[in-house]
Asks: 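Can you read through this structure? Questions will come right after.
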Amino acid sequence: MSKGKAPEHFSDIPAEQRREWVQGFDLPAFRANQIATHYFTHYNDDPDSWSDFPASARELVKSKILAKLITLVRSISCDGGTTRKDLWRLHDGVLVESVLMKYPDRATVCISSQAGCGMNCPFCATGQAGLTRNLSAAEITAQVVAASGACARGEMPGGPIRLSNIVFMGMGEPLANYNAVIQSLRNITSPQPDGLGIGARSVTLSTVGLVTGIEKLIEEQIPVTLAVSLHTPDDELRDTLVPINTRWKVKEVLAAADKYSDMTGRRYSIEYALIKDVNDQAWRADLLGRLLKNRNAHVNLIPLNPTPGSKWTASRKEDERAFVRTLENYGVPVTVRDTRGREIDGACGQLAAAEKIKDDTLMITSPNN
Ligand code: SAH
């Protein structure tokens, strides 16, 4: 099986071109609207169940318009069923994951934008494996449609709920797969039936800080929440923790994020994985506080989720508490992220890293399992 681009799909096509696109398959233009409604409003991609659709056109839809791009290999749950990791096989055998998290009042899905990642951050399991390939807009969107369907069908504890939040914090660097990610954002945020009708404010795009990407995103006028993976306030350490820092320095990344938040009028997040004795010292907390005190930013501290074989581990609780206090003293809003999904390798940076296909049987090789 050759690894490569996914077949073209309805949701790769911008909404305003879909009528013409379906006409290219000798369907009347109005069918585009029906297809969009089934897919984005009812999360249904099986034309055999569409009573308003001619039987003679169903095969065409299955093969050319809504080809199945992601196939569920397995789901694993933890946290009493409120966290569920789905492993998907793409048309070329490549694997990606998404994680669905149910809270009392909302449901969030964490999705992948690339298979693997080329950013090479040494503490991230995805980064260790390198980039396999970009996902298409439709492959990214399909993860969200699947999660929406799972929520609507009441597959998560507590009964049916609407999928409310999307975070681009699974595998991949979203701004390194720019065009596909933008089209997926349009699919997520456009009102039904052209999209899923999820507000841009409820979508978080997390980036290592590709400055040109952040600046382009400003132009798109899709006011998603921006998260910047900073991990340290000083360039010297950041050059090693987030290697793209050798291209765009901390100050440039923060300046781009500031511009972004001027456009949306909303706070951005600074992601900071606390690594014991690496980036959790009092002086770094102080420098971070000084850097952020006059910015429209919120710090999200993530206790490091150690990757298999890594020499690094999460900070001591007392160092984490001191870090929080220092930021609070500067008046910088700060939260410590919950560590859901760890026992199923569904946590930050761990997605799909533990899966190996062996003799066509999926083996979980992580010692955590
Ligand atoms: N490429 C994007 C999105 C991917 S991951 C980015 O870097 O922002 C989402 C977040 O998880 C990032 O902040 C990333 O740095 C963090 N992360 C990766 N590996 C981690 C680990 N082992 N422990 C804690 N956080 C991790």
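Fair warning: this is a prediction, and the values are worked out from it, not measured in the lab. Order of listing sets the numbers, starting from 1, for every ligand and every atom in it.
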Asks: Check each atom of ligand 1 against the heavy atoms of G172 and keep those under 4.0 Å away; list them by number with element.
Replies: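 With G172 as reference, the close atoms of ligand 1 come out as 1 (N), 2 (C), 3 (C), 4 (C).
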Asks: Count I, L, V, M, F, W, Y as connected when their side-chain heavy atoms are under 4.5 Å apart, and connections chain through other members. Are F168 and I218 then in the same cluster?
Replies: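 Shared cluster, yes.
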Asks: Could you work out, for atom 4 (C) of ligand 1, the closest of G170, S113, S310, S206 by heavy-atom distance?
Replies: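 The nearest heavy atom belongs to G170.
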Asks: Looking only at atom types and distance, does a side-chain atom of S49 sit under 3.5 Å from a main-chain N or O of D46, one as donor and one as acceptor?
Replies: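 Yes; at least one donor-acceptor contact below 3.5 Å.
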Asks: Counting from 1, what ligand 1 atoms have a heavy atom of M169 closer than 4.0 Å?
Replies: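 Listed by number with element, the hits are 5 (S), 9 (C).
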Asks: Looking only at N/O atoms, are F123 and ligand 1 under 3.5 Å apart anywhere?
Replies: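 Indeed, backbone or side chain, F123 has an N or O that close.
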Asks: Given that the side chain starts at C-beta and the backbone is N, CA, C, O, which of these parts of H231 lies under 4.0 Å from ligand 1, counting heavy atoms, or is it both or neither?
Replies: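 Just the side chain.
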Asks: Against E139, only a single residue in K68, R89, R133, K5 fulfils salt bridge (Lys or Arg N to Asp or Glu O under 4.0 Å); can you say which?
Replies: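 The salt bridge (Lys or Arg N to Asp or Glu O under 4.0 Å) with E139 is passed solely by R133 among K68, R89, R133, K5.
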Asks: For C124, counting its heavy atoms only, list the atoms of ligand 1 lying under 4.0 Å from any of them.
Replies: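 The list of qualifying atoms is 18 (C), 19 (N).
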Asks: Hey, is P306 one of the residues with a heavy atom under 4.0 angstrom from ligand 1?
Replies: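 So P306 does not count as touching ligand 1.
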Asks: Answer with yes or no whether the side chains of Q183 and R186 bring together a donor and an acceptor at under 3.5 Å.
Replies: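 Judged by distance alone, the side chains do not pair up.
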Asks: Under 3.5 Å between some N or O of ligand 1 and some N or O of T307?
Replies: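 No, there is no polar N/O contact under 3.5 Å.
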Asks: Checking H298 against T335: is there a side-chain donor and acceptor pair closer than 3.5 Å?
Replies: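 Looking only at side-chain atoms, H298 and T335 do form a donor-acceptor pair, the distance falling under 3.5 Å.
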Asks: Is it the side chain, the backbone, both or neither of E271 that has a heavy atom closer than 4.0 Å to ligand 1?
Replies: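 Side chain only.
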Asks: What's the separation between atom CZ in R31 and atom CG in D26, rounded to the nearest 0.5 Å?
Replies: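 CG of D26 is found 13.0 Å from CZ of R31.
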Asks: Is a side-chain donor or acceptor of D86 paired with a backbone partner of V99 at a separation under 3.5 angstrom?
Replies: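 Here the side-chain-to-backbone pair does not exist.
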Asks: Select one of side chain, backbone, both or neither to describe which atoms of T207 lie under 4.0 Å from any atom of ligand 1, heavy atoms only.
Replies: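 For T207, only backbone atoms sit under 4.0 Å from ligand 1.
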Asks: Between I302 and ligand 1, find which residue part has any heavy-atom pair under 4.0 Å and reply side chain, backbone, both or neither.
Replies: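 For I302, only side-chain atoms sit under 4.0 Å from ligand 1.
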Asks: Scan side-chain atoms only and decide if T225 and R266 contain a donor-acceptor pair under the 3.5 Å cut-off.
Replies: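 Yes, a side-chain donor-acceptor pair sits under 3.5 Å.
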